[in-house]
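Step one of this worksheet: look at the structure below.
All residue numbers refer to positions in the sequence shown, counting from 1.
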Amino acid sequence: MRLSDIIAAEINRMLDESADNTAEIQRNDFASRLGCVPSQINYVLSSRFIPEHGYMVESRRGGGGYIRITRVNLDGATALMHLVNAIGCEIDDATVRVILENCCNGGILSDNTVKLMYSAVSIPVMREIPVAYRDNVRAAALKQMLLSQI
């Protein structure tokens, strides 16, 4: 298991054990406990605990500072609107896969819907589109499919 997976698993464990879906960590202490450098904690937070994945992260700097991670439970329509707004003008294949898997795991979209959406914007379909436009077309198509589920 990679170090980033271990960090993410520990944060998720803390969130699962929390009554209010919130985990508070002090970055340096947390890094010491897991045997990594603090920048690795930052990397995991900025890549895995993001709004598109259903998390809010806030921090307070200085002595006694902390990082608070909150797992947000949104209704399906609100979550889909946040996703549509977060996607922007372009999106790559790997990001689409993560977003759709999270929607399925969170019960926002059914497994069949996720499979259909991914098929529509997958690499084989996008091969016919010039490389410079693929991620733009993929984003536009995905946003329209997500909006159709609201």
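Residues Ile67 and Ser59 share a closest heavy-atom pair of CG1-CB, 4.1 Å. Nearest heavy atoms, Thr113 versus Ser110: OG1-OG, 2.8 Å. Closest approach of Ala23 and Leu15 over heavy atoms only: N-CD2, 3.5 Å. In plain terms, the two heavy atoms of Val57 and Phe49 that are nearest each other are CG2-O, 3.3 Å. Pairing each heavy atom of Val114 with each of Cys104, the nearest pair is CG2-CB, 3.8 Å.
For residues 119-131, the set of pairs meeting the side-chain hydrogen bond (donor to acceptor under 3.5 Å, both in side chains) definition, not counting sequence neighbours, is empty.
Note: the hydrophobic cluster containing Ile87 also contains Ile129 (ILVMFWY, side chain heavy atoms under 4.5 Å, direct or indirect links). At a threshold of 4.5 Å between side-chain heavy atoms, the hydrophobic network of Ile, Leu, Val, Met, Phe, Trp and Tyr places Leu83 and Val98 in two separate groups.
The side chain to side chain contact (heavy atoms under 4.5 Å, CB included) search around Thr78 returns Leu74, Asp75, His82, not counting sequence neighbours. Partners of Cys36 by side chain to side chain contact (heavy atoms under 4.5 Å, CB included), not counting sequence neighbours, listed by chain and number: Leu3, Ile7, Ala31, Leu34, Gln40, Ile41. For Phe30, there are no ring-ring contact (aromatic ring centres under 6.0 Å, His included) partners two or more places apart in sequence or in a different chain. A search for side chain to side chain donor-acceptor pair (under 3.5 Å) contacts involving Asp16 returns Arg71, not counting sequence neighbours. Legend: residues meeting salt bridge (charged side-chain N to carboxylate O under 4.0 Å, His left out) with Arg13, ordered by chain and number and at least two apart, are Glu10, Glu17. Applying the side chain to side chain donor-acceptor pair (under 3.5 Å) criterion to Arg48, with sequence neighbours excluded, gives Ser4, Asp5. For Arg134, there are no side chain to side chain donor-acceptor pair (under 3.5 Å) partners, not counting sequence neighbours. The side chain to side chain donor-acceptor pair (under 3.5 Å) test applied to Thr95 returns Asp92, not counting sequence neighbours. Taking the side chain to side chain contact (heavy atoms under 4.5 Å, CB included) definition, one finds that Asn136 meets it with Cys89, Glu90, sequence neighbours left out.
For the atom pair Met14 CE and Ile69 CD1, the distance stands at 6.5 Å (nearest 0.5 Å). Note that OG of Ser47 is 10.5 Å distant from CG of Asn42, once rounded to the nearest 0.5 Å. Taking OH of Tyr66 as the start and CD1 of Ile25 as the end, the distance is 12.5 Å to the nearest 0.5 Å. How far CG of Asn105 is from CG of Leu100: 11.0 Å, rounded to the nearest 0.5 Å.
Between Arg33 and Asp29 there is no salt bridge, since none of the side-chain N atoms of the basic residue sits less than 4.0 Å from a carboxylate O of the acidic one.
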Donor-acceptor list for residues 138-150 side chains, cut-off 3.5 Å, not counting sequence neighbours:
unit_1, atom_1, unit_2, atom_2, d
Arg138, NE, Val121, O, 2.9
Arg138, NH1, Ile91, O, 3.4
Arg138, NH1, Asp135, OD1, 2.6
Lys143, NZ, Gly88, O, 2.8
Ser148, OG, Met145, O, 2.6

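Not one N or O on the side chain of Thr70 forms a donor-acceptor pair closer than 3.5 Å with the backbone of Val72. Judged purely by atom type and a 3.5 angstrom limit, Thr22 uses its side chain to pair as donor or acceptor with the backbone of Asp20.
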